[in-house]
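Residue numbers start from 1 in every chain, and the chains themselves are labelled A, B, ... in the order their sequence lines are given, proteins ahead of strands.
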There are 2 protein chains.
Amino acid sequence: MHDDLSPLCGRFLAAADLLGRRWTGVILRILLDGPRRFGELAQGIGTISERVLSERLKDLEAEGIIERHVDPGPPIRSEYRLTQKGQDFWKVIDELGKWAERWVELKPAPVSVSGKSVAAKAARAAPRKRKTA
Amino acid sequence: MHDDLSPLCGRFLAAADLLGRRWTGVILRILLDGPRRFGELAQGIGTISERVLSERLKDLEAEGIIERHVDPGPPIRSEYRLTQKGQDFWKVIDELGKWAERWVELKPAPVSVSGKSVAAKAARAAPRKRKTA
DNA sequence: GGTCTTCACTTACTTTTAGGAAGTTGCTTG
DNA sequence: CAAGCAACTTCCTAAAAGTAAGTGAAGACC
């Protein structure tokens with residue numbers, strides 16, 4: 001079956017662990033478009049909390065994936081940009097994006113189309129993003 | 001900068017959210033090698049708790065990424081396998097693996113080589129996998 | 001010059017998710 | 001019939017993430 005896959009070694013586990021933290025993929029996706037400031041990232045993502053964004057940026061910086069540049073030009077502004085290690089992540093993000101385009105259907109709203117409840121199974125799980133409550 | 005990337009739309013966010021749950025990438029990586037049973041997955045991953053593995057498998061099944069086949073041949077056994085949607089994920093996992101090969105350095109152990117503490121920064125964060133405690 | 005606002009974060013507190021271990025069900029083996 | 005799988009659940013604790021409010025420095029407004 002895809003016997004040409006990279007092996008499941010410690011390296012892979014570390015990478016999966018990184019991407020397995022919430023928002024990491026989205027942050028990387030945005031930074032691949034170019035450097036961004038803290039506020040821009042927060043806005044671009046929309047639903048991330050500043051607390052977690054701050055945490056994630058520190059994680060990524062510690063991993064050497066992004067760099068933080070502070071411009072103290074009085075209105076103090078910081079900017080985050082990808083290192084080479086981070087830039088190199090682009091193929092992963094791109095493939096994820098392609099997969100999403102092919103397979104993810106936006107659920108427009110839990111409406112039923114011709115009697116069949118479209119978002120049936122989704123309803124019984126998903127305590128993530130219950131912003132509506 | 002990579003202006004040919006897929007857009008940051010709802011589809012991407014959903015995909016990133018999926019992969020942003022811990023263990024998802026690793027489970028997919030293993031299933032890309034072929035169908036696996038619950039116990040095999042648990043063993044293959046090593047450090048996942050059965051509780052979470054069970055949860056993650058249900059998530060993935062609900063998303064239509066894997067299928068659960070129960071073989072009631074008295075020793076009841078279940079088997080998980082990828083659907084087409086799941087198989088199609090292979091490029092993402094493969095790129096992640098390639099990135100990991102290029103950029104992830106295995107930290108052999110927190111030994112100091114010639115006086116310099118090797119795992120210096122790693123030490124102050126990482127309450128994940130503190131199995132050693 | 002006192003007040004207001006922005007930016008980039010922190011702190012404090014709550015909820016959700018993950019980890020760890022023991023229990024459950026159904027069937028088999030000694 | 002006690003023990004042992006296999007595949008899960010349950011229960012309980014410990015990390016993460018969510019939410020809101022606060023901090024500090026620099027302008028901008030009045």
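Taking atom CD1 on A/I48 and atom P on D/dA17, their separation rounds to 9 Å, with Å as the unit. Atom pair A/R77:CZ and C/dC9:C1' shows a separation of 15 Å (rounding to whole Å applied). Distance CZ (A/R36) to P (C/dA8): 13 Å, rounded to an integer number of Å. Between the P atom of D/dG18 and the CG atom of B/D17 lies a distance of 9 Å, rounded to the nearest Å. Going from atom CG of B/D71 over to atom C1' of C/dG26 covers 14 Å, rounded to whole Å. Nucleotide C/dC7 holds its P atom 20 Å from the NE2 atom of A/H69, rounded to whole Å. The distance from atom CG of B/L41 to atom P of D/dC8 is 10 Å, rounded to the nearest whole Å. When rounded to the nearest whole Å, the span between CD of B/E79 and C1' of D/dC8 equals 17 Å.
Salt bridge annotation for A/E79-A/R81: present, with a cationic side-chain nitrogen under 4.0 angstrom from a carboxylate oxygen. Using a 4.0 Å cut-off between charged side-chain N and carboxylate O, B/D94 and B/K91 make no salt bridge. With respect to A/K98 and A/E95, a salt bridge is recorded, a charged nitrogen being found less than 4.0 Å from a carboxylate O.
An OP1 or OP2 oxygen of C/dC9 is reached within less than 4.0 angstrom by a side-chain nitrogen or oxygen of A/S78. In this model, the phosphate group of C/dT17 is not approached by any side-chain N or O of B/R21 to a distance below 4.0 Å at OP1 or OP2. Applying the 4.0 Å criterion to OP1 and OP2 of C/dA18, one finds that B/R56 has a side-chain N or O inside that range. The phosphate of D/dA16 has neither OP1 nor OP2 within less than 4.0 Å of any side-chain N or O from A/R22. Put simply, B/W23 has a side-chain N or O that comes within less than 4.0 Å of OP1 or OP2 on C/dG19.
Residue A/E40 places its CD atom among more than 12 non-hydrogen atoms of other residues, nucleotides or ligands, all under 6.0 Å distant.
From B/L53, atom CG reaches atom CD1 of B/I27 across 5.5 Å, with rounding to the nearest 0.5 Å.
Remark: A/A14 pairs with B/V104 by the side chain to side chain contact (heavy atoms under 4.5 Å, CB included) rule, at least two apart or across chains.
Below 30°, between 30° and 60°, or above 60°: for A/F89 and B/W99 the angle between ring planes is above 60°, a perpendicular geometry.
Across all strands, A/S49 comes closer than 4.0 Å to base atoms (heavy-atom distances).
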Please tabulate the protein-to-nucleotide N/O contacts below 3.5 Å involving nucleotides 9-13 of chain D, giving atom names and distances.
from	atom 1	to	atom 2	distance (Å)
D/dT9	OP1	B/K58	NZ	2.8
D/dT9	OP2	B/S54	OG	3.0
D/dT9	OP2	B/K58	NZ	3.0

